[in-house]
Amino acid sequence: MALKLPFTCRRLLRSFSVPAQILWMLLGIVLLLRVVWGAVTQSMFFDGLIYASLARNISEGIGTIWRPSFSDGLFPLFSEHPPLMFGMEALGFLVFGDSIWVEKTFTVTVTLMCCLCFIGIWRRINEDDRELRPLGAFPLILALISGRVGWAFSNNMLEILVILFTLFGVYLIVTTYGRVETSFRSRLPALVLAGLAIALAFFTKGPVGLFPLATIGIYAMAFGRPSLKTAIVDTAVLLAVFLAIVGFLTLFAEPRGSMFRYIDGQVLSSLSGERGSRGGGLKGLWSMVRVNFWLIAISALLWGVAHAVARNAPSDNGFSIMPLPDNRRRKMIFFFLVGLSASAPLLVSPRIHNFYFNPSLFYFSAAISVASVSAFLYLIARAPDLTLKRLKMGLGLAMTASVVVVGASAGRPGPDRDLIADARTVASVICPDQQQGSCERGVLACGAAWQDTQLHAYLQRLHKISLIPADSIPDTVAKYDQMIGDESCTSEQLAPFAPSEATLSSYQLLMRH
């Protein structure tokens, strides 16, 4: 029996061309498997767990948005990043209480909003291209499978909110200049909103969110409009709005203190190399190339197959491999330069991770898509109707299977099941009578256990348990009757403790004599 999608889905798909139908089905599968599948399990990268814990704590009066607190032992005053994302998630905890579905719902919602903003940018830039305009799913698929974009969305990373605010800022800019020349007064509301979006990106993860400031100039370079004078004036407006917001907040002691702690503890120390040396120079350049690997590989594959098919096709097939038309070349340059503006500053930083490039990958994917989507369209046009019918049926089956897999994974521990079980075991020992697994106590940790940030994160996020370093001052150590450790602990740290009956996957839970 043939698979049948719900009536509304079938009617919506039929309103699209065959290539668009295929792409939107592929996008649904990618979203489910690359984002939602990871988001619905209990497992999460420790950064995302820390951010959710900070938000939960703020909502319960433990710390404030300008002085967030993670735990008694680690980050009692968190100043690693600006606090906007924690404050936004705290609103969810205030409304719905302490549930992992707060941060899970937040990440999926932000993902969908990013998709809408990106599709909006693609459609605005391709307003004059009826072939490319409906195919925004193509670059979006490439973006979600490149680098660690999908992973970041499913793990509650700060980059997802940076992506959202910067995409919205760029959308406002391309919408403003995509029309016929307008007056400054008519452009001003969009410029103010774009400046606000840039400020929000800055208060999510600092200077990495400022790259849309260059977008007006890049647009002028690529498309020959607006004029140089207009580009300079309007960019100055963006910068003025951003500086006005920052300046206003510095009038107040708490926001000012938060900004100074972040700049001193994170920005300056990272630039000086004190907090990492895995990036910068050729290493950073190689990282940027590596996160774009799938974009380049898929584009090359499409063009290679299209070239092979066209070479063996009749001469009147209506397709030839040729240089891009001028309007598409300009669009490719625009997207590429915006992506470069988002990633080039990272190349000078001694501290770099692959997911730092995530905001830029949406624009690199758009640039590559402008160059390669015609090859995709040609291959679809040359495919027999029966092949296309079978392809759509296969994609429908794959989407159904994806929904089943995601639904079956919802609420399950996921890949970190052992650590999650360890955290539950620790909570059951030190707080046996506590309801709903919330402990709000501390346990000593030494050696590798103290260095295990994932263990820190699960204990605090799921049970409100703080890990306390076993080399704290003696009076502090004496307050705790349990310790998590292993052979990496010193004999002096282990001396007052003996193994308990509780079993952990990687460590021992020790009890004071």
Side-chain angles (χ1 to χ4, degrees), residues 45 47-48 50-51 78-88 110 114 117-118 143 146-149 151-153 155-171 173 194-215 217-218 235 238-239 241-243 245-246 258-259 261-281 283-285 287-288 290-292 335-365:
F45 187 58
D47 280 10
I50 289 174
Y51 306 149
F78 186 88
S79 56
E80 301 292 297
H81 298 291
L84 180 59
M85 182 164 169
F86 324 140
M88 292 180 65
V110 171
C114 288
C117 283
F118 181 73
S146 62
R148 306 195 76 182
V149 173
W151 171 88
F153 279 112
N155 280 279
N156 196 42
M157 302 295 285
L158 293 179
E159 282 73 18
I160 70 174
L161 210 55
V162 174
I163 291 169
L164 176 60
F165 291 137
T166 52
L167 281 174
F168 183 59
V170 172
Y171 170 77
I173 290 169
L196 174 61
I198 293 169
L200 293 175
F202 175 81
F203 283 108
T204 300
K205 205 184 176 183
V208 296
L210 299 180
F211 70 88
L213 288 170
T215 303
I218 292 172
T235 300
L238 293 181
L239 183 60
V241 171
F242 165 71
L243 293 176
I245 294 171
V246 173
S258 175
M259 282 187 261
R261 286 191 298 272
Y262 164 68
I263 292 171
D264 182 59
Q266 175 69 268
V267 178
L268 296 180
S269 60
S270 294
L271 291 176
S272 67
E274 294 178 13
R275 303 197 56 175
S277 56
R278 288 184 287 180
K283 288 183 180 179
L285 184 60
S287 295
M288 187 173 74
R290 188 170 55 187
V291 296
N292 282 285
F335 283 126
F336 177 78
L337 290 179
V338 174
L340 197 61
S341 71
S343 55
L346 297 173
L347 304 183
V348 302
S349 173
R351 186 183 185 189
I352 195 169
H353 294 282
N354 286 349
F355 56 85
Y356 289 3
F357 290 99
N358 283 354
S360 68
L361 294 180
F362 282 81
Y363 305 99
F364 286 136
S365 70

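Just so it is clear, the model here is predicted, and its values are computed rather than measured.
Residues Pro83 and Ser258 have side chains in contact (heavy-atom distance under 4.5 Å, counting atoms from C-beta outward). For the pair Leu196 and Ile245, the minimum side-chain heavy-atom distance is below 4.5 Å. For the pair Phe153 and Cys114, the minimum side-chain heavy-atom distance is below 4.5 Å. In this structure, Val149 and Glu159 have side chains that are not in contact, with every pair of non-hydrogen atoms separated by 4.5 Å or more. With a 4.5 Å cut-off on side-chain heavy atoms, Val291 and Arg148 do not count as touching. The shortest side-chain heavy-atom distance between Ile352 and Phe357 falls under the 4.5 Å cut-off.
Asn155 places a side-chain N or O within donor-acceptor distance of the main-chain N or O of Phe45, the cut-off being under 3.5 Å. Side-chain N or O atoms of Gln266 include one that pairs as donor or acceptor with a backbone N or O of Glu80 at under 3.5 Å. Between the side chain of Asn354 and the backbone N or O of Ser287 there is no donor-acceptor pair closer than 3.5 Å.
The OG1 atom of Thr204 sits 9.0 Å away from the CG atom of Leu164 when rounded to the nearest 0.5 Å. The structure places CE of Met88 at 5.0 Å from CG of Leu161, a figure rounded to the nearest 0.5 Å. Within the model, atoms CZ of Phe203 and CZ of Phe242 stand 6.5 Å from one another, a figure rounded to the nearest 0.5 Å. Atom CD1 of Ile163 is separated from atom CE of Met157 by 10.5 Å, given to the nearest 0.5 angstrom. Annotation: the span from Ser343 atom OG to Leu285 atom CG amounts to 9.5 Å, rounded to 0.5 Å. In this structure, Ile173 CD1 and Thr215 OG1 are separated by 4.5 Å, a value rounded to the nearest 0.5 Å.
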Derivation of the side-chain contact (heavy atoms from CB on, under 4.5 Å) call for Phe165 and Ile198: CA-CA 7 Å; Phe165 291 137; Ile198 293 169; over 6 Å; no

Yes or no on side-chain contact (heavy atoms from CB on, under 4.5 Å) for Asn156 and Met85, after CA distance, side-chain angles and deciding distance? CA-CA 10 Å; Asn156 196 42; Met85 182 164 169; 3.2 Å; yes

Run Leu84 and Phe202 through side-chain contact (heavy atoms from CB on, under 4.5 Å) and show every step you take. CA-CA 9 Å; Leu84 180 59; Phe202 175 81; over 6 Å; no

For Phe335 and Phe364: C-alpha separation, side-chain torsions, deciding distance, then whether ring-ring contact (aromatic ring centres under 6.0 Å, His included) applies. CA-CA 6 Å; Phe335 283 126; Phe364 286 136; over 10 Å; no

Run the side-chain contact (heavy atoms from CB on, under 4.5 Å) test on Ser146 and Asn292 for me, step by step, so that the C-alpha distance in whole Å, both residues' side-chain angles and the decisive distance to 0.1 Å come before the verdict. CA-CA 6 Å; Ser146 62; Asn292 282 285; 5.9 Å; no

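Scanning both residues, Pro212 and Leu238, for their nearest heavy atoms gives O-CD1, 4.2 Å. Between Val162 and Pro359, the shortest heavy-atom contact is CG1-CG, 4.0 Å. For the residue pair Tyr356 and Leu346, the shortest heavy atom distance occurs at O-CD1, 3.4 Å. In terms of heavy atoms, Gly169 sits closest to Ala194 at O-CB, 4.0 Å. Among all heavy-atom pairs drawn from Ala197 and Phe168, the shortest one is CB-CD2, 4.1 Å. Taking all atoms of both residues into account, the shortest heavy-atom contact from Leu340 to Pro345 is O-CD, 4.1 Å.
In this structure, Phe362 has its ring center under 6.0 Å from that of Phe118. Separation of the Phe86 and Tyr51 ring centroids falls under the 6.0 Å cut-off.
Aromatic ring pairs are classed by plane angle as parallel below 30°, tilted from 30° to 60° and perpendicular above 60°; the pair Phe211 and Tyr363 is perpendicular.
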